[in-house]
Number of protein chains: 2
Amino acid sequence: MIQEATTLLKENGLKITQNRLDVLCVFLGSEKAFTLLDLEKIFSLKHDRSSLFRSLQTYYEKGILEKFCNATGTAIYTLNRHKPDCNGKSHFKCKDCETVVSLPNLPTEYLQLLGNNKMETMNLLIEGTCENCQNKNPETL
Amino acid sequence: MIQEATTLLKENGLKITQNRLDVLCVFLGSEKAFTLLDLEKIFSLKHDRSSLFRSLQTYYEKGILEKFCNATGTAIYTLNRHKPDCNGKSHFKCKDCETVVSLPNLPTEYLQLLGNNKMETMNLLIEGTCENCQNKNPETL
DNA sequence: TTGCTTAATGCAATTTGGTTGCAAATATAC
DNA sequence: GTATATTTGCAACCAAATTGCATTAAGCAA
Ligand SMILES: [Mn+2]
Ligand SMILES: [Mn+2]
Ligand SMILES: [Zn+2]
Ligand SMILES: [Zn+2]
């Protein structure tokens with residue numbers, strides 16, 4: 001996985017640093033979403049918050065990570081798994097296990113409801129409980 | 001319009017105060033979205049930020065206003081124009097004039113893509129340029 | 001391999017948006 | 001009008017994001 005991270009960094013013309021490798025491996029090894037605070041906890045001793053922040057920022061700018069806001073307005077990041085033809089960012093995020101799945105484009109019939117309003121960005125976040133977590137917590141909670 | 005505001009307050013069992021009337025009238029008189037900061041600017045001398053905040057909060061709890069986050073994670077509010085049967089919050093917001101229009105439910109065929117993942121909340125924000133603003137700024141920008 | 005140059009990092013400080021405790025002011029019911 | 005409960009202003013606080021700057025480290029060239 002560190003190999004994969006190294007390659008990605010090279011492909012994007014980024015210097016290979018411990019911070020960047022560490023951060024990227026978190027994402028490469030998981031389907032989950034992470035906030036800056038999550039990373040701070042993971043790397044509390046090893047890396048400073050500002051450096052983690054700057055790595056997230058860099059990855060976002062390079063399109064390696066996606067960034068969006070949860071219901072409370074906190075930025076959350078996930079590996080960008082969207083197809084290049086994607087017309088925006090659509091995700092389902094499990095409130096329990098934090099797993100994020102990318103969803104396909106909104107149907108064009110729906111977008112036609114915009115009429116002559118021109119779409120530039122679009123962001124859809126559906127939150128709920130994933131199949132796994134529903135089975136884990138049968139009736140409880 | 002102050003009449004309309006007064007009625008809304010009464011209907012919701014809220015005391016009629018200058019702050020609440022002022023805030024509500026901002027929304028009743030506009031199709032736009034406003035942040036707390038927007039209101040602070042409008043009422044800089046007349047009302048305190050914390051009171052504006054609490055009014056927004058109250059209106060949101062009563063379902064009079066909608067609250068969602070823009071791309072940068074800042075909370076924005078608009079008059080709630082969604083139908084009661086709405087399965088989530090979908091909006092188009094013009095980046096230029098800030099006008100917000102509510103969009104209908106996502107089509108059920110699309111939601112079926114979630115499979116057994118259970119939706120609890122959903123939030124769609126499409127940003128772009130409204131028809132009006134496109135015509136105002138023909139080729140410029 | 002060794003320096004040189006530039007970019008990345010750590011640390012501390014700052015900004016921004018959101019939120020709260022509390023005393024004073026105000027709205028409503030009596 | 002007065003009593004009571006609510007709302008407000010102010011100041012303080014909090015969380016997340018962001019920045020300036022001196023130090024350190026990565027990559028390249030000698
Ligand atoms: Mn998290
Ligand atoms: Mn605004
Ligand atoms: Zn889950
Ligand atoms: Zn517009």
Side-chain angles (χ1 to χ4, degrees), chain A residues 2 5-26 33-62 64-78 98 125, chain B residues 2 5-26 33-62 64-78 98 125:
Chain A
I2 201 158
T6 306
T7 307
L8 251 175
L9 285 170
K10 279 183 188 156
E11 283 174 3
N12 285 274
L14 295 172
K15 286 192 179 167
I16 310 213
T17 69
Q18 199 56 55
N19 184 302
R20 286 181 178 161
L21 287 173
D22 286 346
V23 169
L24 193 45
C25 284
V26 166
F34 297 91
T35 65
L36 176 56
L37 183 63
D38 290 332
L39 295 183
E40 270 186 83
K41 286 173 185 159
I42 297 174
F43 298 117
S44 49
L45 303 157
K46 199 170 181 190
H47 300 294
D48 185 76
R49 180 181 61 239
S50 64
S51 306
L52 297 169
F53 169 76
R54 284 187 269 231
S55 286
L56 290 172
Q57 190 172 242
T58 299
Y59 287 139
Y60 173 63
E61 284 162 2
K62 293 291 185 183
I64 295 168
L65 295 184
E66 293 189 86
K67 174 184 183 178
F68 46 98
C69 289
N70 64 17
T72 70
T74 308
I76 60 185
Y77 299 82
T78 56
E98 307 263 301
L125 181 59
Chain B
I2 203 160
T6 307
T7 306
L8 251 176
L9 285 170
K10 280 184 187 157
E11 282 173 4
N12 284 274
L14 295 171
K15 285 193 178 166
I16 313 229
T17 68
Q18 198 56 56
N19 184 302
R20 286 180 178 161
L21 286 174
D22 286 346
V23 169
L24 193 44
C25 283
V26 165
F34 297 91
T35 65
L36 176 57
L37 185 64
D38 290 332
L39 294 183
E40 270 186 84
K41 286 172 183 157
I42 297 174
F43 297 116
S44 51
L45 304 156
K46 197 170 181 193
H47 300 293
D48 185 76
R49 175 167 34 116
S50 65
S51 306
L52 296 169
F53 170 77
R54 284 188 269 232
S55 286
L56 289 172
Q57 190 172 245
T58 299
Y59 287 139
Y60 173 63
E61 285 162 3
K62 293 291 185 182
I64 295 168
L65 294 184
E66 294 190 84
K67 173 186 181 176
F68 46 99
C69 291
N70 65 15
T72 71
T74 309
I76 59 184
Y77 298 83
T78 55
E98 308 263 301
L125 181 60

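The sequence lines fix the lettering, A, B, ..., with proteins before strands; numbering per chain opens at 1.
Between the side chain of Arg54(B) and the base of dG9(D), a donor-acceptor pair under 3.5 Å is found. Side-chain to base pairing of Arg49(B) with dG17(C): no donor and acceptor N or O lie closer than 3.5 Å to each other.
In this structure, NZ in Lys67(A) is found 8.5 Å from OG1 in Thr72(B), a value given to the nearest 0.5 Å. Distance check, rounded to the nearest 0.5 Å: CG of Asn12(B) to CD1 of Ile64(B) gives 4.0 Å. Atom CG of Asp38(A) is separated from atom CG of Leu56(A) by 10.0 Å, given to the nearest 0.5 angstrom.
In terms of position on DNA chain D, the residue among Gly13(B) and Ser50(B) whose nearest nucleotide sits closer to the 5' end is Gly13(B).
Side-chain N/O atoms of Ser51(A) include one lying less than 4.0 angstrom from OP1 or OP2 on dG10(C). The phosphate of dG9(D) has OP1 or OP2 within less than 4.0 Å of a side-chain N or O from His47(B). The side chain of Asn19(B) places no N or O atom within less than 4.0 Å of a non-bridging phosphate oxygen (OP1 or OP2) of dT26(C).
Taking atom CG on Leu56(A) and atom P on dA16(D), their separation rounds to 14 Å, with Å as the unit. With rounding to whole Å, Lys46(A) atom NZ is found 18 Å from dA8(C) atom P.
When distances are taken from the side chain of Asp48(B) to each of dG9(D), dA16(D), dT28(C), the shortest belongs to dG9(D). Counting only heavy atoms from C-beta on, Lys15(B) has its side chain closest to dA5(D) among dT8(D), dA5(D), dG17(C). Here the nucleotide nearest the side chain of Phe53(A), chosen from dT9(C), dG18(C), dT18(D), is dT18(D). Counting only heavy atoms from C-beta on, Leu37(A) has its side chain closest to dA16(D) among dT9(C), dA17(D), dA16(D).
Put simply, the side chain of Tyr59(B) gets close to the backbone of Arg20(B): a donor and an acceptor are under 3.5 Å apart.
Heavy atoms of Thr17(B) sit under 4.0 angstrom from primed sugar atoms or phosphate atoms, though from no base atom. Among the atoms of the strands shown, none is found under 4.0 Å from any heavy atom of Lys10(B).
For the residue pair Ser50(B) and Asp48(B), a side-chain donor N or O sits within less than 3.5 Å of a side-chain acceptor on the partner.
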